[in-house]
Amino acid sequence: MANDKPQSTGIRIAIDRGGTFTDCIGNPGTGHMSDDVVIKLLSVDPTNYPDAPLEGIRRLLSNFAGTEIPRGDPLDTSKIESIRMGTTVATNALLERKGEDCALVVTKGFKDCLVIGNQSRPNIFDLDIRKPEVLYKRVVEVEERVTLEDYAEDPERSQTDAPSIDSAKAKDAKVVKGLSGEAVRILKTLDEDGLRKQLQEVFDAGIKSVAVCLMHSYTFPEHENIVGKVARDIGFGHVSLSSELMPMIKLVPRATSACADAYLTPAIRKYIDGFSQGFEGGLGTKSVQKEEGNKGARCEFMQSDGGLVDVAGFSGLRAILSGPAGGVVGYALTSYDPETKIPVIGFDMGGTSTDVSRYGAGRYDHVFETTTAGVTIQSPQLDINTVAAGGGSRLFWKNGLFVVGPESAGAHPGPACYRKDGPLTITDANLFLGRLLPDFFPKIFGENEDQGLDEEASKKLFGELAEQINKDIKQESGKEMSLDEVAYGFIKIANETMTRPIRSLTEARGHDTSKHRLATFGGAGGQHAVAIAEALGIRQILVHRYSSVLSAYGMALADVVDERQEPDSKIWTDDDGETKEYLQSKMSDLKQKATESLTEQGFPEDKIAFEEYLNMRYRGTESALMVVKPSQEDAKEYDNDDWAFGKAFVKQHDQEFGFTLPDRDIVVDDVRVRGIGKSFNGLEKTVDQQLQSIKPVDSTPEAYATRKVYFEGGRLDTPIYKIEQLDVGTRITGPAILADGTQTIVITPDASALIIDTHVVINIGDSSTHDTKIDTSHLDPIMLSIFAHRFMAIAEQMGRALQKTSVSTNVKERLDYSCALFDADGGLVANAPHLPVHLGSMSTCVKKQAEIWRGKLKKGDVLVSNHPMFGGTHLPDITVITPAFSGDTIVFYVASRAHHADIGGILPGSMPPNSRELYQEGAAIKSEKLVSEGKFNEERITFLLKDEPAQYPGCSGTRCLADNINDLKAQVAANQKGINLISTLIGDYGEDVVQFYMHAIQDNAEQSVRKLLKDVSKKFEGRDLRAVDYMDDGSPICLRVEIDAEKGEAVFDFEGTGGEVYANTNAPEAVTYSAIIYCLRCLISQDIPLNQGCLAPIHVRIPPHSFLSPSDHAAVVGGNVLTSQRVTDVVLKAFHACAASQGDCNNLTFGFGGNKTGEEEVKGFGYYETIAGGAGAGPTWEGESGVHTHMTNTRITDAEVFERRYPVILREFGLRSGSGGKGQHKGGEGVIRDIEFRIPVTVSILSERRVYHPYGLEGGGDGECGLNTWVRKVPKPDANSDASKDENDKVQELGGVKVEAYGEEDQTQYGFVNLGGKNTAEMKPGERIIVMTPGGGAWGKSGDESAAVSRKDPKQAWRGGSIASRQATAEASA
C-alpha cells in the first residue's frame, strides 16, 4: 500500500472477495509496501469459517498483534484505520437470480416494457430465442401520464415557456418546466387512492421491495416521489425510485436499473449487517463519529465506477462490478505515468473470465449503459469487457476447427487437472506445455484438498482429443499432430480469440492499439501476455508484484467518490453567457451537495477534488459524449477558457468519430459532477521514473529449476526463477519462467524481463513468428482456425473504419452496414457484422461486377452498385467494391455495403409502402466506377443520385446528397483499410499461403453444410422436403429440397412460386440466397465461418419472372423486409425446424414535409421503425414473445426518446395476449403498439401476415394474424338520435382496445378503420395507429407433455462494456 506520505497510523485493510478466492492485503500503518501482509483464502469454506473477508481480517489482526485472535470473537476496531472491500455478492445474486422478491411500478401501458426490452434478440442465429428473465415478481400499472410538450425534430424549433417544477405557479399548471428544462405536459395526475390499494395488495402478497419507474420521471419526478411516499407508508422495506438512482432519459434502462437496485440492495444490506456484527465498535463513518462506547472503523466498498463509498451508502445498482473495478484502479494507478502519458490496456485473465479495459489521459473510461447477467444497467460503470472465459475456457474440435470457449469449466468442476473430472481447458494446455508450474500452485486439490495439479489427467485428455483430430485430418493431409502441437494450437487460438475484442476496444474509440502498454494481472495473465502484446503490436508489458491480488491492492489505493447528475436540455453556444451561467450554477449546486457528503465522511475540503462533466451531443444524433471540463493545460488550446466545453466536445467528437457537424446545435443532455475524497497521494516512484533511474544488469542468476517448456517450434530448456529472489535491475532474456506463490510469467525466446521495485517489465523484441515458411501442400487445422479469425478481424476493422469516417446516423449510430472480403472470383470469405440479409447477397453483387469488369479494372478503381438485378437487396443499400492487385492480377476484392437514409424516389426515406415501379424507390445504379485510378467521380455520382431519379413522375432525387457523398467516401476509405490489412497479411505469410487458406476456409464451411444435408437426409429417410406458404396477396412460395445424401448436396427448387407482382414485394434473387444461407447457419447451430462455401453444395432454381426473380424495373422495397421473411419461413418449414415466427418486420413510417412535385419544399421530418412480434416454437423450446426474428433484428426507439424527438404519445407498447399459437410448446406473443399523433402527419405501414396465419407444426396451433388499425375522429352523432348510444358503444371499443382521449373535454368520438397490410393515411392530431403484430406458431398438440429444455448462455456472467454494446448494436442493425 505504497504512499509517499502515509496518512494513517492505524491498520489499513483492503479485501477483494472474488468468486473463487478472497484476497486480503493489510498494512500496519506505515504505508510502506515492504510492510504489507498478503493473505489468500477460499471465498467459500463453511467447514472452517462462515465469512471469508471476516476471516481474512481476523488473520491480519492476529498477525499484526503477534497473538492469535480466536474465531468467533468480535474484532477490536480501535486499531483499524480503515477497511476497504470489493465484493461479488451483488453479481452472484444477479447471476443465480437469488435477490429479493420485488415489484415494478410503471406507467399504465408499459407493464411489459422490460419483457420486450429493445426487442432485438441476443443471438441472431438462435431459432430457440432466449431473452433474460425479468427480475420482478409483480407489475403494478398506475394511472398517471406526462409527456414532453415540444419535440426535437420540430423544424420550427418551438419552445414552450412554463413555470418551473419547484415553483409555486406549477401547483395547478398543466404544463411545467421539468428538471431538464423541458416543458412537461401533465396528461393525467396520479390516482393516489388507486395506487395505495394496488401497493397494499402487493405488500400483503409478501413482497417487501419495490422499484418505481414512470414515464419521463428523469425530468418530472413528482409522481414517482408520491409512489415512494405511499410505499414507505405501507411499510415496504426498500423503495428504489428511478429518478433518484439515475435521472437519465430512456425508460427501459432506467426501469431495469431500478429493478436491479430493488432486487440486489436488500441482499447486500443483509450481508453487510451480518458482516458488521463481527466488529466490536461497528463499521462506517457513523461508528467512527459516535461519542460513546467502542469506536468503530471506517469501512468503504468499491463501486462499479472505480470509486469507494461508505458502507451505509453501498447499493445494489452500483455494486455489479465491485471486484473487477478494484483491478482497474490497481493497474491504472500503478502503471500510468501522468508525465509520459502512455495509455495502458488492462488484461485481467483469471480462472473463469478474461476482462479487458483501458486507462489513458489520467481518467477512467466510464460507460453509462451496460449489460451484465442479461440485465441492462444505467449507471456510471468502468468500461470493463469480458472477452473470454479465462483459464477455464474449454477446448473443442468442431467442424475441422480448433475452438476455445466460450463455454467454461467454472470453479466447479474446474479444469481436468483440478482432480474433479473436469473437461480440457486452457489451464490444462498451459500445464501440459510446461508453462504452468505445479510446484508454485497451492495444494488444495483431491479428496482431502492436499494435492497439487494433476498433470496426468491433462495429458490423458489431450491424448484422446489428439486421436480424434488426427483421425479427421489424416484423411485430408496424411499428416498427424503431436500432443504438443495440439495443446499449443489451442493456446494460439485462445490468444487470437482474445486479441480481436481488445483491438475493438481501443480502435472503436479512435486509439492506436500499438501505442499502449499492456498491464497484465490475474492468475493466468502472465502465461499469455507476451503473445497477446505481440499480436497487438505492443512492445512493453507491465506485471505488478501484486498482480494476482491487484483488485485488493486497487481498493487500498482508490479514492472515495460521490457521483451527482441531473438531466438538462440546453443548447450550447460558445458566446452565450446566459447558458454558461445557468450550467455553472447547476454544476455549483451539485458540487456543494458532493462536498457536504464527503465532509460528513471526514474529508477536509482541501482533500476534495472534482471532475466536472457535460453530457453533450449534436442535435438529431444519439451519440452523446461525456465531456470533462478542460484542465488548465488543455484550456491553453481554448484561449485559457476552462469552460470551453463546446470546443472540447467538437475536438473529442472528431477524435472518436472522425468528423464534426459545424451546422448542428450542440445539446447538453446531463450535468455531472464526480466529487473525489482524496486518500491516495501517488506512488513513491512511477514505472517510468524507476526505468529512468535503473541501470539494467544482464545476468544469469541461479535458477530454481529448469524444465522443458514448449514454445513455437518445439520444447526448449527453460530456467525457472523465483521472483522474490531476483534483485532490482536484473534483466533476464527468454526463454524463462518467473514465478511466485500466486503467478507464473512466461518470457518467450524473443522477449526479456527487467525487475524493478514494483513491477516485472517485459520488453518484446522483433517477433520471428512468421519467418518459417508455411507449407501449403497440406492443411494445418491450427492455421485454418487462425486465418478464420484473421479474415474476420479484417472485415471488423473495415467496419470500424467505415463507422469512424461516415456521417449519417444509419451508419454512425445504428451500424447499418456490412464489410466483407472476397476471393478473386467474388466468392465471400468473411463478412462482418453478420446481417442475415447481406450474407448471400454481397457475393452475388461482387461476382456480377467482377464479370462485367473482367480485364478492364486498374489499380485505384472502385465500383459502385445497388441495383436488384446486380446483387442488390433494396436500393438504399449501396455496395462499394474495390479490387486488390498483385502486379496486374486481381487477387481478391473487398466491399462495403451501407444503408443510405435517402436516395430519392416518391417518399422521403426511399422505403415507400405503395411503390409499383423500381424508379419510385430512388436511384438505381447497375454498375459504375465511383473512383477511377484514385480520382473520386463526384460529378457522375451526383448525377446518378440527385438528377437522374428526379426525371421520373412524382419522384425526387436524393434528399441528403452531402450525407450520401460523405458515406460513399467513407466506404471507399473502409475498403482501402481492408486492402492494406490484407497486404500486411500477405507480407507476413506470403500470397500463396493467404490464398490457400482463403479457399480452405470456404472448403471448411462447405463441409459443414454437406454434413448437415447428409444428417437431414438420414432423418427424413431420403424423402424430398416440401413446403409452401403464401404472401398476403395470395402469391405462393413453393419449395422442394432434393438432397443427394451421398455427396451431401441439395437442390432448392422454387418451381410453382407466384409470378412477379405489380407491388413492391418482389424480391431480387440475392435475397433468396441470403435467406438460404441464414437458415443453413441456424440449422447447423454452431459457430461456423459464414462464406461462399456454405452455398457450394446448394443449387438454387428460381423460376424466371416469378416474384423471387423479378424483371429489372420491378419494385422491390418490400421484398427485402417482407418477402425475405416468408422465404425463411418456407425453408424452415421444409426442414421441419420450427413453427413460423411472425414472418414480418411491421415497417412503420410517419412524418411530414418534403419536395412534392410542383410545390415548394416544406421542412419536416421522417421516422421509420420496425416492430417485434412472436417467435415460433420448436421441438425443445417455447416461442419467445415481443422479439424480432430471422431476417431482421432492429431495436425499437426507447419510449421516452420517441416522445422527446417526435410529436407523439405512445399510449401502449406491450404484449398482445393470446396471439401466440396454442400447443405443447406455445408460440410467442405479438405486441400492441399504440401511437397517438399530436400534429397532422402522413403515416405508412408496410406489413405482412395480416391474412395468412403464422403456421404451427406437429399439431401446434397457428399464431394470430396481425392487424393495423387507424383510430379516426368521426363526427359526433346527434345526441337526440336513437342510434347515438349504440353507435357510441360500437365506436368507442374494438378488439379489446378502449379509446380514452387525454384531456379532451368534448368526448370526441372515434371510429376504427382497418388499414390492411400496406397503406398510407393522413392522420390528424389526436388520431392513432394501433399496430397489433402477429404471434408465433406453436409446436406439438395441446395437452402433450412439454419437452422444452432449459439452456444456459455460456456468456451470461460476462461483463458487457462497450465491446458487447457495439456488437449488439451491429447485430441489431439488420
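Since this is a predicted model, take the numbers as computed values, not measurements.
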A.B. asks: Considering non-hydrogen atoms only, spot the tightest contact between Tyr893 and Gly826 and give its length.
C.D. replies: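 Closest approach of Tyr893 to Gly826, heavy atoms only: CD1-N, 4.4 Å.
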A.B. asks: Check whether any side-chain N or O of Ser915 sits under 3.5 Å from a backbone N or O of Met911 as a donor-acceptor pair, and report yes or no.
C.D. replies: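 It does not hold such a pair.
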A.B. asks: Can Arg1126 and Glu1248 be said to form a side-chain contact (heavy atoms from CB on, under 4.5 Å), step by step?
C.D. replies: CA-CA 9 Å; Arg1126 191 67 68 262; Glu1248 274 282 325; 3.5 Å; yes
A.B. asks: Mark yes or no: Arg1233 above the aromatic ring of Phe1202, with NZ or CZ under 6.0 Å from the six-membered ring centre and no more than 45 degrees from the axis.
C.D. replies: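 Yes, Arg1233 sits over the ring of Phe1202.
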A.B. asks: Begin from the C-alpha positions of Val1251 and Tyr1030 and carry the test side-chain contact (heavy atoms from CB on, under 4.5 Å) through to its verdict.
C.D. replies: CA-CA 9 Å; Val1251 178; Tyr1030 299 87; over 6 Å; no
A.B. asks: Quiz question: by atom type and distance under 3.5 Å, do the side chains of Ser1106 and Thr1057 form a donor-acceptor pair?
C.D. replies: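 No, no side-chain donor-acceptor pair sits under 3.5 Å.
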A.B. asks: Could you grab the distance from atom CD of Glu1322 to atom OG1 of Thr1242, nearest 0.5 Å is fine?
C.D. replies: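 Rounded to the nearest 0.5 Å, the CD-OG1 separation comes out at 3.5 Å.
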A.B. asks: Using distance alone, with no hydrogens and no angle criterion, decide if Asn964 and Thr958 have a side-chain donor and acceptor under 3.5 Å apart.
C.D. replies: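 Per modelled atom types, Asn964 and Thr958 side chains form a pair under 3.5 Å.
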A.B. asks: Just jot down the side-chain contact (heavy atoms from CB on, under 4.5 Å) partners of Tyr1073, sequence neighbours excluded, or say none.
C.D. replies: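 Checked Tyr1073 against side-chain contact (heavy atoms from CB on, under 4.5 Å); matches are Glu1069, Leu1095, Val1100.
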A.B. asks: Does Phe892 have any ring-ring contact (aromatic ring centres under 6.0 Å, His included) partners at least two apart in sequence or in another chain, and if so, which?
C.D. replies: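 Applying ring-ring contact (aromatic ring centres under 6.0 Å, His included) to Phe892 gives none.
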A.B. asks: Looking only at the side chains, is there a donor atom on one of His1113 and Glu1060 sitting less than 3.5 Å from an acceptor on the other?
C.D. replies: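 No.
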A.B. asks: Check the pair Cys819, Lys977 against side-chain contact (heavy atoms from CB on, under 4.5 Å), reporting the backbone distance first and the verdict last.
C.D. replies: CA-CA 11 Å; Cys819 293; Lys977 172 83 171 175; over 6 Å; no
A.B. asks: Decide whether Gln1092 and Asp823 meet the rule of one side-chain donor and one side-chain acceptor closer than 3.5 Å.
C.D. replies: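 Note: Gln1092 and Asp823 side chains miss the donor-acceptor criterion.
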A.B. asks: Would a distance-only check, ignoring hydrogens and angles, find a side-chain to backbone donor-acceptor pair under 3.5 Å from Gln1125 to Thr1189?
C.D. replies: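 Yes; judged by distance alone, with no hydrogens or angles, the pair exists.
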A.B. asks: Salt bridge or not between Asp1029 and Arg1249? Use side-chain N to carboxylate O under 4.0 Å.
C.D. replies: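 Counted as a salt bridge, because a side-chain N and a carboxylate O are separated by less than 4.0 Å.
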A.B. asks: Minimum heavy-atom separation for Ser927 to Trp853, with atom names?
C.D. replies: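 Reported closest heavy-atom pair: OG-NE1, 2.7 Å.
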A.B. asks: Is there a side-chain contact (heavy atoms from CB on, under 4.5 Å) between Asn1120 and Val1116 once you walk through the steps?
C.D. replies: CA-CA 7 Å; Asn1120 192 48; Val1116 296; over 6 Å; no
A.B. asks: When you compare the side chains of Ser896 and Asn975, does any donor N or O come within less than 3.5 Å of an acceptor on the partner?
C.D. replies: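 Checked: Ser896/Asn975 side chains pair up, N/O donor to acceptor below 3.5 Å.
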A.B. asks: Name the residue from Asn1066, Asp1112, Leu918 that meets the side-chain contact (heavy atoms from CB on, under 4.5 Å) definition with Pro868.
C.D. replies: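 Exactly one pass, corresponding to Leu918.
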A.B. asks: Would you name the heavy atoms of Thr1128 and Cys1079 that are closest together and state the gap between them?
C.D. replies: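 Closest heavy-atom pair between Thr1128 and Cys1079: CG2-SG, 3.6 Å.
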A.B. asks: Give a yes or no on whether His1099 atom NE2 has more than 12 heavy-atom contacts from other residues, nucleotides or ligands under 6.0 Å away.
C.D. replies: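 Yes, enclosed.
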A.B. asks: So, Gln119 side chain and Ala1172 main chain: donor-acceptor pair closer than 3.5 Å or not?
C.D. replies: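 It does hold such a pair.
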A.B. asks: For the backbone of Glu933 and the side chain of Asp861, can you confirm whether one donor and one acceptor N or O come within less than 3.5 Å of each other?
C.D. replies: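 Yes, Asp861 side chain to Glu933 backbone: donor-acceptor pair under 3.5 Å.
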A.B. asks: Is the backbone N or O of Leu1315 less than 3.5 Å from a side-chain atom of Asn1319, with the two atoms forming a donor-acceptor pair by type?
C.D. replies: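 Between the backbone of Leu1315 and the side chain of Asn1319 there is a qualifying donor-acceptor contact (under 3.5 Å).
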A.B. asks: Report the distance from atom NE2 of His1188 to atom OG of Ser1141, rounding to the nearest 0.5 Å.
C.D. replies: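 That separation rounds to 12.0 Å.
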A.B. asks: Quick one: sort the Phe1150 and Tyr1167 rings into parallel, tilted or perpendicular, breaks at 30° and 60°.
C.D. replies: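 Phe1150 vs Tyr1167 ring planes: tilted.
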A.B. asks: Would you say Arg664's side chain and Arg619's backbone share a donor-acceptor pair under 3.5 angstrom?
C.D. replies: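 A pair under 3.5 Å: yes.
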A.B. asks: Do the side chain of Gln849 and the main chain of Lys926 share a donor and acceptor less than 3.5 angstrom apart?
C.D. replies: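 The answer is yes, because a donor-acceptor pair under 3.5 Å joins these two groups.
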A.B. asks: Will you find, in the side chains of Thr1197 and Tyr1206, an N or O donor that is under 3.5 Å from an N or O acceptor?
C.D. replies: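 Absent: no donor and acceptor within the cut-off.
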A.B. asks: So which heavy atom on Thr882 is nearest to which on Ile979, and how close?
C.D. replies: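 Shortest heavy-atom contact: CG2-CD1, 3.3 Å.
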A.B. asks: Is the shortest distance from a Lys or Arg side-chain nitrogen in Asp1144 or Arg1250 to a carboxylate oxygen in the other one below 4.0 Å?
C.D. replies: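 So Asp1144 pairs with Arg1250 through a salt bridge.
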A.B. asks: Can you check whether Gly827's main-chain N or O pairs, donor with acceptor, with Asn1091's side chain at less than 3.5 Å?
C.D. replies: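 Side chain of Asn1091 to backbone of Gly827: no pair is present.
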A.B. asks: So, Asp967 and Gln971: side-chain donor and acceptor under 3.5 Å apart, yes or no?
C.D. replies: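 No - no donor-acceptor pair under 3.5 Å links their side chains.
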A.B. asks: What are the two closest non-hydrogen atoms of Val1117 and Val1121, and how far apart are they?
C.D. replies: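 What the structure gives for the nearest pair is O-CG2, 3.5 Å.
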A.B. asks: Hey, is the main chain of Ser1035 close enough, under 3.5 Å, to the side chain of Asp1033 for a donor-acceptor pair?
C.D. replies: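 Yes, because the side chain of Asp1033 sits within donor-acceptor range (under 3.5 Å) of the backbone of Ser1035.
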A.B. asks: Between Phe1052 and Ile1076, which heavy-atom pair has the shortest distance, and what is it?
C.D. replies: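 Phe1052 and Ile1076 have their closest heavy atoms at CD2-CD1, 4.0 Å.
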A.B. asks: Any side-chain to backbone donor/acceptor pair from Asn1064 onto Pro912? Under 3.5 Å, distance only.
C.D. replies: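 Confirmed, Asn1064 side chain pairs with Pro912 backbone.
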